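These figures come from a predicted structure and were not determined experimentally.
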Protein chains: 2
Amino acid sequence: MGATKTDHFTERQNQIAKIAKALGHPARIAIIEYLLKVNTCICGDIVNELPLAQPTVSQHLKELKNAGIIKGNIEGTAICYCIDEKVVGILNDYFSKIILTVTNQKCC
Amino acid sequence: MGATKTDHFTERQNQIAKIAKALGHPARIAIIEYLLKVNTCICGDIVNELPLAQPTVSQHLKELKNAGIIKGNIEGTAICYCIDEKVVGILNDYFSKIILTVTNQKCC
DNA sequence: TTATTTAATCGTAATATTGCAATATTTAAA
DNA sequence: TTTAAATATTGCAATATTACGATTAAATAA
């Protein structure tokens with residue numbers, strides 16, 4: 001026990017859950033917001049923007065990258081991270097559809 | 001360590017993260033999808049629809065409720081759960097804005 | 001070559017999550 | 001009242017996440 005029963009759900013359900021999960025931490029939301037604020041992908045100063053140690057930030061970046069939410073290229077000693085429009089779009093489309101369906105729902 | 005440093009982030013960041021986190025499990029996505037499918041809120045049969053034991057499903061429902069994603073009323077021995085439009089809307093608006101900003105981003 | 005800088009990885013402690021059996025609770029039916 | 005049903009809660013084991021110090025790796029600067 002303790003491990004998620006991934007193979008009992010559809011690929012789609014796992015995909016959405018994975019993206020949502022990666023965004024389910026305030027530090028990672030803060031990273032996303034910082035990336036949007038600077039409006040570019042040279043982000044070597046992310047560590048200074050967050051109340052967390054460098055290895056922790058690195059780990060959060062890794063998770064965002066693993067979920068496909070950000071993409072990064074090595075650029076000398078610095079790194080170039082930016083938001084991957086595509087993956088955020090998947091989530092956005094998903095929730096837009098939910099909103100549409102819910103609005104037509106006859107409920108409590 | 002191991003606990004999220006919630007108080008180091010803004011209320012907004014924690015709010016978004018909390019909603020996203022609650023959706024970060026395939027079982028909870030499956031619950032949402034089932035609620036949408038039946039298009040009503042009488043959902044006593046959710047347990048039969050999921051590959052999980054009754055206490056586990058109950059726990060997932062509790063988490064969705066705690067995050068404000070679903071709302072529920074007791075209805076005899078059954079329970080009446082349905083999606084809370086408002087909270088899903090918060091997430092949807094948030095990602096819509098991200099998408100807009102990202103599209104204008106000059107990046108890699 | 002030898003610092004220096006920057007980010008990733010390793011190792012580990014603390015805490016949280018997942019899942020379920022057993023049990024409790026609550027309401028309706030017999 | 002007793003029984004049956006549906007859902008919640010408790011307790012616990014297995015696993016995952018969070019956070020960070022120490023270290024490593026890689027690239028540039030001196």
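Put simply, the side chain of A/Ile32 reaches to within 4.5 Å of the side chain of A/Leu64, judged on heavy atoms. A 4.5 Å side-chain heavy-atom check between A/Ile90 and A/Tyr94 finds every atom pair outside the cut-off. When side chains are defined from C-beta on, A/Leu91 counts as touching A/Leu23, because their heavy atoms get closer than 4.5 Å.
As rounded to whole Å, 12 Å separates atom C1' of C/dA7 from atom NZ of A/Lys62. Spacing between atom CG of B/Leu61 and atom P of D/dT9 amounts to 11 Å, rounded to whole angstrom units. Rounding to whole angstrom units, CG of residue A/Asn48 and C1' of C/dT5 are separated by 13 Å. Rounded to an integer number of Å, the gap from CD1 of B/Ile29 to C1' of C/dT18 is 16 Å. Going from atom CD1 of A/Ile31 over to atom P of C/dA7 covers 12 Å, rounded to whole Å. As a whole-Å value, the separation of B/Asp7 CG from D/dA19 P is 11 Å. Atom pair A/Asn66:CG and D/dT18:C1' shows a separation of 16 Å (rounding to whole Å applied). Whole-Å rounding puts the A/Gln59 CD to C/dT15 P distance at 17 Å.
Positionally, the nearest nucleotide of DNA chain D for A/Arg28 lies more toward the 5' end than for the other of A/Gln54 and A/Arg28. Of the two residues contacting DNA chain D, namely A/Thr4 and A/Ala27, the nearest-nucleotide position lying further toward the 5' end is that of A/Thr4. Nearest-nucleotide positions on DNA chain C place A/Ser58 closer to the 5' end than the other of B/Pro55 and A/Ser58. Remark on DNA chain C: of its neighbouring residues A/Lys65 and A/Phe9, the 5'-side contact belongs to A/Lys65, judged by nearest-heavy-atom nucleotide.
A donor-acceptor pair is defined here as one N or O able to donate and one able to accept, closer than 3.5 Å; such a pair exists between the side chain of B/Asn14 and the backbone of B/Thr6.
At least one side-chain nitrogen or oxygen of A/His60 sits closer than 4.0 Å to the OP1 or OP2 atom of D/dA19. Contact check, A/Lys21 against D/dT17: a side-chain N or O comes under 4.0 Å of OP1 or OP2. Contact annotation: B/Thr56 side-chain N/O to C/dT18 OP1/OP2 distance is not under 4.0 Å. Phosphate proximity of C/dA8 to A/Tyr81: present, with a side-chain N or O under 4.0 Å from OP1 or OP2. Dashed line: the shortest gap from a side-chain N or O of A/His25 to OP1 or OP2 of D/dA19 is under 4.0 Å.
The shortest heavy-atom contact between B/Phe9 and A/Pro51 is CE2-CD, 3.8 Å.
Checking D/dT7, C/dT15, D/dC20 against every side-chain atom of B/Ala3, the shortest atom distance belongs to C/dT15. When each of D/dA8, D/dT15, D/dT18 is scored by its nearest atom to the side-chain atoms of B/Ile79, the top-ranked nucleotide is D/dA8.
Across all strands shown, A/Glu63 has heavy atoms under 4.0 Å from sugar-phosphate atoms exclusively, and none from any base.
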